[in-house]
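Let me begin by presenting the structure, written as structure tokens, before commenting on it.
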2 protein chains.
Amino acid sequence: MSFASKGMAATAQDEAYRAILQDIRSGRYQPGERLIPETIARELAMSRMPVREAFQRLANEGLVLIRPNRGCIVSGLTIEEIYELFEIRSVLEGLAVRLAMPRFDAAALAELDDHVARMHRAGAAGGADWLSRHQEFHAYICGFSRHPKLIAQIAALHIAVEPYMRVWLHHVAQPAYATERQDEVVEAIRTGDAEHAEAVMRDHVLRTAPRLAEFLRKRGQAVGASSALPASTQP
Amino acid sequence: MSFASKGMAATAQDEAYRAILQDIRSGRYQPGERLIPETIARELAMSRMPVREAFQRLANEGLVLIRPNRGCIVSGLTIEEIYELFEIRSVLEGLAVRLAMPRFDAAALAELDDHVARMHRAGAAGGADWLSRHQEFHAYICGFSRHPKLIAQIAALHIAVEPYMRVWLHHVAQPAYATERQDEVVEAIRTGDAEHAEAVMRDHVLRTAPRLAEFLRKRGQAVGASSALPASTQP
DNA sequence: CTTTGTATGAGTGTATCCACTATTACAAAG
DNA sequence: CTTTGTAATAGTGGATACACTCATACAAAG
């Protein structure tokens with residue numbers, strides 16, 4: 001569940017949710033920043049209530065932290081937590097490709113090559129929307145698993161680290177290394193060996209973690225209270 | 001995340017959350033059943049608001065499904081979805097043991113044997129609280145990974161299938177096969193080989209799925225709308 | 001007897017209001 | 001100048017109130 005198209009709910013709460021999510025992903029709301037319902041409500045021309053319920057959803061997704069009587073803050077991740085999320089995502093995406101393997105046909109492989117090509121172009125142009133292409137690439141692959149909950153979890157993990165990826169890419173601008181590795185993944189899928197594809201995907205996902213971590217460490221970034229991801233809410 | 005002790009928040013919303021969660025896990029609220037805020041609020045001597053926010057949390061954990069303007073129903077799982085959850089849990093718990101391996105010392109191993117012994121006793125007595133012992137066993141192992149988000153996700157997955165496990169165990173009463181396999185897991189941990197332990201844990205988790213599925217199929221159980229799980233997380 | 005339209009009621013989503021908690025700023029005492 | 005107590009204010013959690021949606025039952029028309 002997450003970003004990909006959702007069936008248009010038109011409810012105010014949903015609007016609030018999407019707006020806040022967007023602002024967290026984009027980095028407008030920084031980790032540690034306090035979110036005041038009153039303010040956001042006015043901004044979106046609605047009352048505090050739908051905003052509060054949106055906070056709940058965001059909290060369950062680990063993007064925000066709600067301490068009783070102390071309000072809602074954008075949850076920052078420590079470097080250890082970022083590592084943890086990459087570890088989790090690596091096994092989940094590994095599982096996803098493995099389960100997806102029987103469903104890849106010639107058309108799908110062609111489409112995959114297309115995605116990679118688009119990433120190359122985006123990467124050359126500048127890292128800004130390379131991130132979106134990269135997420136689409138992964139989403140496309142995982143989509144073939146046809147396991148909605150698995151797909152949703154993976155999407156959530158992408159989103160959780162997105163703000164950090166964004167600042168990183170903003171500074172390095174050249175994620176060429178990753179694009180190369182992408183080819184490896186496609187190649188592994190082409191072999192038709194599910195176990196192999198799983199292993200390659202795992203490696204591929206994990207390879208990003210140390211680079212991002214090193215960047216953040218140098219930058220002294222990554223502070224803020226931890227969260228509670230999917231599972232639930234407040235500590 | 002979820003059941004294990006939580007730091008006592010004393011807020012009404014939290015109380016509602018725990019109460020409803022409990023009633024879903026225990027099977028008091030059946031899949032497909034509609035949850036009416038008004039009713040539950042009266043039952044817990046509070047207003048509808050905290051109940052609604054509790055619904056949000058439960059929805060993000062996939063235990064409940066909220067359709068706009070149509071209320072909140074306990075989300076049932078199809079057999080395919082149950083399989084999916086076992087697949088996901090297998091890789092996550094596999095990851096958890098692998099990461100936990102360096103932390104198992106003699107004391108931990110002794111404690112593990114203790115857990116298994118308790119499960120044997122509980123299994124002999126009757127399947128009722130064997131389920132609790134089994135969850136504790138897994139939670140204990142995963143706990144050593146020291147990765148809170150990973151642990152929380154795994155716990156959420158245990159909870160999601162709990163109602164189904166419960167009716168199953170109520171009918172078969174003898175999960176002896178599983179208890180034997182438990183020993184294999186402990187044995188694998190004892191070897192100190194992380195990769196091996198991961199593989200064994202994966203097998204162990206997956207082994208339950210087909211048995212549970214077969215039971216449910218015969219019983220014609222498992223209907224109800226799907227959910228959106230943890231992805232937690234997200235949308 | 002079937003179909004279609006309408007009305008009534010239950011239930012949901014949002015807004016407003018109130019009580020209480022936490023936090024900040026400030027003042028008095030050391 | 002530091003520390004500690006206290007008051008004021010901002011903000012949260014919860015309750016109540018209201019408008020709108022959906023569903024059901026019933027009635028009229030075919």
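Below, chains carry the letters A, B, ... as their sequence lines are ordered, and counting in each starts from 1. All figures in this text were calculated on a predicted structure; none of them were measured in a lab. These values consider heavy atoms only, across backbone and side chains, with no hydrogens, waters or symmetry-generated copies.
- In this structure, B:Arg70 does not reach the C:dG11 phosphate: none of its side-chain N or O atoms is under 4.0 Å from OP1 or OP2.
- When atom types are taken as modelled, the side chain of A:Glu93 and the backbone of A:His138 share no donor-acceptor pair closer than 3.5 angstrom.
- Between the side chain of A:Arg48 and the main chain of A:Ala41, no donor-acceptor pair closer than 3.5 Å is present.
- Nucleic acid contact for A:Arg52: base, since at least one base atom lies under 4.0 Å from a heavy atom of the residue.
- One atom, CZ of B:Arg67, and another, C1' of D:dT21, lie 14 Å apart when rounded to the nearest Å.
- When rounded to the nearest whole Å, the span between CD1 of B:Ile36 and P of C:dA10 equals 12 Å.
- Counting only heavy atoms from C-beta on, B:Pro37 has its side chain closest to C:dT12 among C:dT23, D:dC22, C:dT12.
- One can place CZ of A:Arg57 at 14 Å from C1' of C:dG13, the figure rounded to the nearest angstrom.
- Salt-bridge formation is not detected for the pair A:Arg57/A:Glu61: no Lys NZ or Arg NE/NH1/NH2 atom is positioned less than 4.0 Å from an Asp or Glu carboxylate oxygen.
- Proximity of a side-chain donor or acceptor of B:Ser90 to a complementary backbone N or O of B:Val205 within less than 3.5 Å is not detected.
- Ranking D:dT12, C:dA15, C:dG11 by closeness to the A:Met49 side chain, first place goes to C:dA15.
- Residue A:Gln13 is classed as a sugar-phosphate contact, given heavy-atom separations below 4.0 Å to backbone atoms only.
- As the counterpart of C:dG30, D:dC1 is assigned, both hydrogen-bonding distances of the Watson-Crick or G-U wobble pattern falling under 3.5 Å.
- Among the nucleotides C:dA15, D:dG13, D:dA15, the one closest to any side-chain atom of A:Ser47 is C:dA15.
- Taking atom CE of residue B:Met46 and atom P of nucleotide D:dA15, one finds them 7 Å apart after rounding to whole Å.
- Residues A:Cys72 and B:Asn69 each lie close to DNA chain D; by heavy-atom proximity, the contact nearer the 5' end of the strand is made by A:Cys72.
- Here the P atom of nucleotide D:dG13 and the CD atom of B:Glu53 are 8 Å apart, to the nearest Å.
- In the model, B:Tyr17 has no side-chain atom that pairs as donor or acceptor with a side-chain atom of A:Gln56 under 3.5 Å.
- Considering only the side chain of A:Arg48, C:dC18 comes nearest among C:dT12, D:dA15, C:dC18.
- We find that CG of A:Leu44 is positioned 15 Å from C1' of C:dA15, with the value rounded to whole Å.
- With distances taken from any side-chain atom of A:Ile66 to the nucleotides D:dG11, C:dT14, D:dG13, the minimum falls on D:dG13.
- Distance, A:Leu65 CG to D:dT12 P: 13 Å, rounded to whole Å.
- One atom, CD of A:Glu38, and another, C1' of C:dT16, lie 11 Å apart when rounded to the nearest Å.
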